[in-house]
Structure formats: C-alpha cells, structure tokens
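For this chain, numbers begin at 1 and follow the sequence in order.
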Amino acid sequence: FVLQFLLYTSEKSHAACYTENKDKSKRKNRRHSIAEYLDIVDENGIPTGETVERETAHVKRRAAEGNAAVRAAFPVRLYPAGKERFIEMQMRKWACGLLCLLLAALFLLPASAAAGPTVATTLPDAPEWENAIVQRGSRRTFDVWARNAAGDKITATVKLNDKKVEPTWDDKEKASYTLVFTQPGQNIVTVSASSDGGKKKTLTYYVDYRPAAEGEVIGAAVWSIEVFTIGCGYLIEPVELPIYEGETAADQLLRLLSLNGLVGYYGGAPAAGEGFYLAYIADGNASAAKYNGYTRSAAPASPRTLGLDPAIPPLLIPHLEQTMTFFDIDDYEKNWAGYLGEFVFSNGSGWMYAVNNVFPNVGFADCFLADGDVVRVQFTLGYGADIGGFGAVGTDIPDVETQPSAGYFAVSDKDALTVALCRALHSGLTEKPNVRAALDGALEVMAALDASQRETDAAAEALLYALAHPSDDPVS
C-alpha cells in the first residue's frame, strides 16, 4: 500500500505540473487573442514591427542568461515553469524510487525476525497464582518446543523454583522434561529460550502442589487402545482409569491390559527410567514368558483373545506400498495370530501413544500423567504417518529416504470425541435411540483415519447433546 501511495503521489505531482503549465499556456493564448487590440499583432495576426523587436530582444536576453538550451529542449507548452520546476519534479521522482527500494528490502525481511524466539509447552496456561495448576502427583511430564525466528529448533532452559531441570529426552523436534515436586504449595516453573541477537522469550507457570501419599488416587485419565489402521476399531474402548501416586504411564498401561483380559510383551521395565517399550499386545492366555525376546506382563484374571479380523482400509494401502520396504496385507493371519505389534504387516508397524494429542518422544515409563489427561494407544503401520505421529518415534526412522516428509494425510484431534465416547459407553444410555444413533456416528468418524476436524467436532457435539437429552423416540 505504501509503495502504491508513493507512486500515485509522484504521478499526481507530474500531472499537476503538466496541468499548471497547460493552464499557463492557455492563459497566454487568451492574451494573444486580444493582442491585436493592443497593437501586438496587426489585423492579419502578424506581429507588428515593435513586437518583433521586443521579442527578439527578449530571446537574446534569455540566451545570455544561459536558458536558450533549456527552452529548446523543453518547449514552453510542456514546461513553462522553467528548469527549476522540472529539476524539482525529477528529484522527487528519484527520491520516491529510492524510498520504494528501501521499503521493498524491508518487507523482504522475515517478519518473525523482529519477534525473536518462540516457546510452546504442553503445560496448561497458569501465568498467575490465581489460576495456578493444581498438582497432586509428585511428578509431571511435559514437552517443550523452542524455535528461533527462522524456525530452527533451539535449546530451552527449564527451571523449577530457580533450579534447572535437565531434559529427559531431546530430539530434533522437541524436548521432554519431568518436574519433580518436593515443596508443598506454590511452585514456579519457567521455560525460556534466547536467539536472534540476544532476544529472549520466557513462559511462567504457577503450580499449587498438594502432596499425596504413595498409592493414593491423584486423578483419572481416559485411556483407549485403537486398531483403526487395520480396520478393527477399538481393542479396548475408551475408559477412565485412576492414576495412583508413584506409578508411571507404563504401570497404568499394564494394569489396563490386565483388567481387559490381555497381556503385553515389553522391553525394559515399567519403573521410571527403565526404558519401557511395548512390543506386542497378545491374547490373554499367551503362556510364553518371552516372545521374540520380550517379557510378558502378569496374566489377567479373566483372559480373552484379541479377536482380530484385519481389513486394512483402502486409504492406507497405496501409501504403505509406496513407503514400506515390506508390506503384506495377510501377514497377521499367516505369521502373528494372537500377537499384534512390531513388524506385523509392515516394517513400520508397532505401538505408539499420544497424550492430549501429542506424541511424546519418551517411553511409557518416563511419562507421568495428570488428572484429565487423554491417552490414546494406537497401532501404526507406517512409523506414525497413518495416525498423525510421524517423526515422534524418539529415534531415527529406518529407510527415511522412502518416507513422507509428514503424515500420509491430515489427521484431526480426536481427544474430545474420545472423551465423549467414554461418557457414552459408560452412561447406561446406549439403548436410547438418539444416543445409539449419535454413538454409531461418532464411531464412524473415529474409524475414518482422515476425518476432518469439523466432522470430528460435530460428532462429539452430537453425542454429548444426545447424552444430555436421551429420548425413547425413534430416530428418523
């Protein structure tokens, strides 16, 4: 806009100059139209002798003053204001052009450079003590994204009550931290990063720590175990699971599997810092203490089978054929029946989990949940590219040159829909026609891997509305 304005004013100045000169020329012509009455010209319009002598003397005088060349180069009709007026106009145009170049160079600079670094975390906003985070557990895990103005990852500094906290894991995307609370009451967490010539960004969080005894319930999280990528819906439907003081997300996962009649085979151990890795989820009656070198979890009181009949969605097959070095649509039935996990169907398969729609870069044993968290454990066939978690595996991806730069497609945030499904499934209202219809619609959206955010939100809202207004009337 500024450039257009300057160019406009320059052209308007030029036009104004031309108009002024034209008006002066017209006035001169009008003066000559009555010149014959003033003896400047005769009755035939021919200058009189006195007029010729006077004009000749005038031209000589102007030539003597050094203006003859200017008058010859710039006719009076176009530039009657003289050389000074023309030079003034040219200087204005040159200054305008220079200013335009400077403004163009300024606009080409990244706008973010002036803002400096950016910092984001998974902690809830709590910049004041009045809205402090209420923390019951002695530990809390969160992620940090810090970027400079160019968008490159930079190192952040995390402090709890002015004491530096080291990252649990740090990769090219984000860093993960675990806060250990020992001071009851007010605690202050700061997250800062500096870049771009010393510019600094700091986020401050106030935390009200209310200690709990070991093993005491400190909240609840909504969990689900999903196998939508192989067309089998939920392995374990959304359910609210209590969180006990001192336990890790790995402890909760194994408890969830046992409560639902299944076992897990894992590497490491569920205790904090032991590098827990969920390799397989298996039939509850699996008897082998080890499977492919992984340890079996405790046998459930009421075992059941996985009950899978895989049918990989057509949406996924072309992506997997293009990006996987191994992909066999019948692999489960041929080689893995009763065990679902790494390398089943493809070289990019395995279990991943998201907490509040963020895929952590640490394992279950290094994750400590808080009240209200939503944990979705999902089976992937393509290193997370099919579930929105590509690049969050916490390590380098094999055969990366054959992988997409991002996911196979856009994936919506389905946490709110997961919570709504949890409420519906345990509401006792699923036999109500309108609740059943809304529930079926919500499950269809969950099964659609590429469902839009609008579709996802609409399904959640419809289900919550039906739960708030259950009806025995048939749904048309």
Side-chain angles (χ1 to χ4, degrees), residues 171-173 224-236 262 264-267 277-283 291-292 294 306-354 357-361 363 376-414 417-418 443-453 455-456:
D171 60 28
K172 61 184 180 181
E173 181 189 359
S224 66
I225 298 184
E226 306 170 9
V227 283
F228 293 108
T229 53
I230 59 173
C232 294
Y234 283 111
L235 195 58
I236 297 178
L262 302 172
Y265 283 88
Y266 59 87
Y277 166 67
L278 179 64
Y280 300 94
I281 295 177
D283 291 343
Y291 184 75
N292 284 353
Y294 295 105
L306 295 179
L308 299 177
D309 184 17
I312 296 175
L315 172 68
L316 278 184
I317 294 175
H319 294 290
L320 297 170
E321 290 176 339
Q322 182 178 359
T323 60
M324 295 295 106
T325 56
F326 164 74
F327 172 57
D328 183 354
I329 199 170
D330 299 316
D331 189 45
Y332 175 78
E333 291 90 344
K334 291 188 296 186
N335 302 304
W336 304 92
Y339 298 85
L340 185 65
E342 62 176 13
F343 308 128
V344 180
F345 294 107
S346 74
N347 59 290
S349 70
W351 292 102
M352 297 179 67
Y353 77 111
N357 202 47
V358 175
F359 288 84
N361 56 6
R376 297 172 59 204
V377 183
Q378 303 172 66
F379 186 68
T380 176
L381 294 172
Y383 298 119
D386 48 351
I387 58 175
F390 184 77
V393 295
T395 185
D396 292 333
I397 295 177
D399 308 311
V400 69
E401 65 278 357
T402 67
Q403 305 307 314
S405 58
Y408 295 149
F409 36 74
V411 175
S412 61
D413 179 352
K414 295 181 177 178
L417 182 56
T418 299
L443 290 172
E444 288 181 9
V445 172
M446 284 298 303
L449 301 176
D450 60 345
S452 69
Q453 193 62 57
E455 293 171 326
T456 301

*Asks:* How far apart are the closest heavy atoms of Asp413 and Gln453, and which atoms are they?
*Replies:* N-OE1, 2.7 Å
*Asks:* Does the pair Gln378 and Phe359 meet the rule for a side chain to side chain contact (heavy atoms under 4.5 Å, CB included), with working shown?
*Replies:* CA-CA 11 Å; Gln378 303 172 66; Phe359 288 84; 3.8 Å; yes
*Asks:* Is Asp330 atom CG crowded by more than 12 heavy atoms from other residues, nucleotides or ligands, each under 6.0 Å away?
*Replies:* yes
*Asks:* Above 12 or not: heavy atoms from other molecules or residues under 6.0 Å from CD of Gln322?
*Replies:* no
*Asks:* Out of curiosity, Leu443 CG to Leu417 CG, how far, rounded to the nearest 0.5 Å?
*Replies:* 8.0 Å
*Asks:* Should Leu235 and Leu262 be marked as a side chain to side chain contact (heavy atoms under 4.5 Å, CB included) after you check the CA-CA gap, both sets of side-chain angles, and the distance that decides it?
*Replies:* CA-CA 10 Å; Leu235 195 58; Leu262 302 172; 4.0 Å; yes
*Asks:* Check the pair Thr323 / Tyr383 against side chain to side chain donor-acceptor pair (under 3.5 Å), numbers first and verdict last.
*Replies:* CA-CA 10 Å; Thr323 60; Tyr383 298 119; over 6 Å; no
*Asks:* Applying side-chain contact (heavy atoms from CB on, under 4.5 Å), can you list everything that pairs with Ser224, at least two apart in sequence or on another chain?
*Replies:* Glu226, Tyr234, Pro238, Arg376, Thr418
*Asks:* Just one of Leu340, Leu381, Asp386 clears the side chain to side chain contact (heavy atoms under 4.5 Å, CB included) bar with Ser349, so which one?
*Replies:* Leu381
*Asks:* A side-chain contact here means heavy atoms from C-beta on lying under 4.5 Å apart; do Leu449 and Phe409 qualify?
*Replies:* yes
*Asks:* Using atom types as modelled and distance alone, determine if a side-chain donor or acceptor of Thr380 lies under 3.5 Å from a backbone N or O of Gly382.
*Replies:* yes
*Asks:* What heavy-atom pair brings Phe326 and Phe343 nearest, and what distance separates the two atoms?
*Replies:* CE2-O, 4.1 Å
*Asks:* Do you know which two heavy atoms are closest between Ala279 and Trp351, and how far apart they sit?
*Replies:* O-CD1, 3.9 Å
*Asks:* Which heavy-atom pair separates Gly231 from Pro313 by the least distance, and what is that distance?
*Replies:* N-CD, 4.0 Å
*Asks:* Tell me every residue that passes salt bridge (charged side-chain N to carboxylate O under 4.0 Å, His left out) with Asp331, counting only those two or more places apart in sequence or in another chain.
*Replies:* none
*Asks:* Could you measure the distance from the CG atom of Leu308 to the OH atom of Tyr339? Nearest 0.5 Å is fine.
*Replies:* 13.5 Å
*Asks:* Answer whether the closest heavy-atom distance between the side chains of Ile387 and Phe228 falls below 4.5 Å.
*Replies:* no
*Asks:* Would a distance-only check, ignoring hydrogens and angles, find a side-chain to backbone donor-acceptor pair under 3.5 Å from Tyr332 to Gly338?
*Replies:* yes
*Asks:* Counting N and O atoms only, with roles assigned by atom type, does the side chain of Thr229 sit under 3.5 Å from a partner on the main chain of Phe379, one being a donor and the other an acceptor?
*Replies:* yes
*Asks:* Take Tyr280 and Asn292 through the side chain to side chain donor-acceptor pair (under 3.5 Å) test and state the conclusion after the steps.
*Replies:* CA-CA 10 Å; Tyr280 300 94; Asn292 284 353; 3.0 Å; yes
*Asks:* If every non-hydrogen atom of Thr456 is compared with every non-hydrogen atom of Ala451, which pair is closest and at what distance?
*Replies:* OG1-CB, 4.0 Å
*Asks:* Taking ring-ring contact (aromatic ring centres under 6.0 Å, His included) as the criterion, tell me which of Tyr291, Trp336, Tyr277 meets it with Tyr265.
*Replies:* Tyr291
*Asks:* Any side-chain heavy-atom pair from Phe327 and Ile317 closer than 4.5 angstrom?
*Replies:* yes
*Asks:* Which heavy atom of Gly384 sits nearest a heavy atom of Met352, and at what distance?
*Replies:* CA-SD, 3.6 Å
